[in-house]
Chemist: 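After the structure tokens below, expect a handful of questions from me.
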2 protein chains.
Amino acid sequence: MFDPLCPSDLSPIRIGDKWAGMIIRCLEHGPRRFSELRVPLRGITAKVLTQSLRTLERNGLVARTAYAGPTQRVEYELTPLGRSLLEPLDAACAWASEHWDELIDAREAPSSFAQ
Amino acid sequence: MFDPLCPSDLSPIRIGDKWAGMIIRCLEHGPRRFSELRVPLRGITAKVLTQSLRTLERNGLVARTAYAGPTQRVEYELTPLGRSLLEPLDAACAWASEHWDELIDAREAPSSFAQ
DNA sequence: GCACCTGGTTACCAGCCGGATACCGGTTAG
DNA sequence: CTAACCGGTATCCGGCTGGTAACCAGGTGC
């Protein structure tokens, strides 16, 4: 999941910053904790994840809830607005997989002009 | 058209680089010349437009045609692949205008946490 | 007492992106 | 001859983005 060969690298369609799209995907099926998010988003550092989550929060796409229990616990979940983004996100993914071949071809064929 | 208050600034959905989405919109209704593109894209410099067009070309979304007439003439138009992007682009615009209010509210309401 | 887990923060840094400015070769208009 | 238009390129620069490394406070396990 989300390895370096992910189609999202090739697609010109982007949601928010580098990680935002994947974070939203991770939250698709319910709230997740900070450390739970770091697992699927392999290689993301704490700082960058925090950064991205804060931006999503500021834009009203994600809600942060800190539970006051004895042990520290923070959960992130999609707001209704964030959830509504899943639709265009799916559209974007559909487009990318539909035109996957053409995207690859275009990248690998600088033949039409020098170099 | 494409003034600084454009919704695209607020929407988290992006197509390619800063100008790519607008360029594609400009080419929606047929081929356009370099200088014709500079008009609606107010403020874009030649370098940046060239840059953006070259990227679009490399990715197979836009085709460049130089006509060999006595006077220099270059036209850019969407490839079928580029044209197929109009669909998700429309979806993105639809989402943005549909959630316009919420986007504004989110931006202007840092009230839920300090500062 | 000590290490460890959780959920971060604080420098610091390299690379890219967009922009400003200047320039260019070819053609046409006056 | 000169100026202007077309479609760029060359160079420089500041700011943002994403990443690394170090550190931290609070609570838990041994």
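These numbers were taken from a predicted model, which means no experiment stands behind them. Naming convention: chains lettered A, B, ... in sequence-line order (proteins, then strands); numbering from 1 in each chain.
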Chemist: Please tell me which of B:Thr71 and A:Thr45 maps to the more 5' nucleotide of DNA chain D, matching each residue to the nucleotide holding its nearest heavy atom.
Modeler: B:Thr71
Chemist: Please list, in 5' to 3' order, the outermost nucleotides of DNA chain D lying under 4.0 Å from any heavy atom of chain B.
Modeler: D:dC6 to D:dT11
Chemist: So which atom in B:Glu102 and which in B:Glu98 form the shortest heavy-atom distance, rounded to 0.1 Å?
Modeler: OE2-O, 4.4 Å
Chemist: Can you check nucleotides 7-10 of chain C for protein contacts, nitrogen or oxygen pairs under 3.5 Å, and list what you find?
Modeler:
unit_1: C:dG7; atom_1: OP1; unit_2: A:Arg33; atom_2: NE; d: 3.4
unit_1: C:dG7; atom_1: OP1; unit_2: A:Arg33; atom_2: NH2; d: 3.1
unit_1: C:dG7; atom_1: OP1; unit_2: A:Val74; atom_2: N; d: 3.3
unit_1: C:dG7; atom_1: OP2; unit_2: A:Ser35; atom_2: N; d: 3.2
unit_1: C:dG7; atom_1: OP2; unit_2: A:Ser35; atom_2: OG; d: 2.7
unit_1: C:dG7; atom_1: O4'; unit_2: A:Gln72; atom_2: OE1; d: 3.2
unit_1: C:dG8; atom_1: OP1; unit_2: A:Arg54; atom_2: NH2; d: 3.3
unit_1: C:dG8; atom_1: OP1; unit_2: A:Arg64; atom_2: NH2; d: 2.5
unit_1: C:dG8; atom_1: OP2; unit_2: A:Tyr76; atom_2: OH; d: 2.6

Chemist: So which pairs with a foot in residues 32-41 of chain A pass side chain to side chain donor-acceptor pair (under 3.5 Å), sequence neighbours left out?
Modeler: none
Chemist: Applying side chain to side chain donor-acceptor pair (under 3.5 Å), can you list everything that pairs with B:Arg73, at least two apart in sequence or on another chain?
Modeler: B:Glu75
Chemist: Tell me every residue that passes side chain to side chain donor-acceptor pair (under 3.5 Å) with A:Thr55, counting only those two or more places apart in sequence or in another chain.
Modeler: A:Arg58
Chemist: Which residues pass the side chain to side chain donor-acceptor pair (under 3.5 Å) test with A:Ser97, not counting sequence neighbours?
Modeler: none
Chemist: Please determine, by modelled atom types, if B:Ser84 and A:Trp95 share a side-chain donor-acceptor pair under 3.5 angstrom.
Modeler: yes
Chemist: Check this for me: does any side-chain nitrogen of one of A:Arg25 and A:Asp90 sit under 4.0 Å from a carboxylate oxygen of the other?
Modeler: yes
Chemist: For A:Leu61 and B:Pro12, which heavy atoms make the closest approach, and how far apart are they?
Modeler: CD1-CG, 4.3 Å
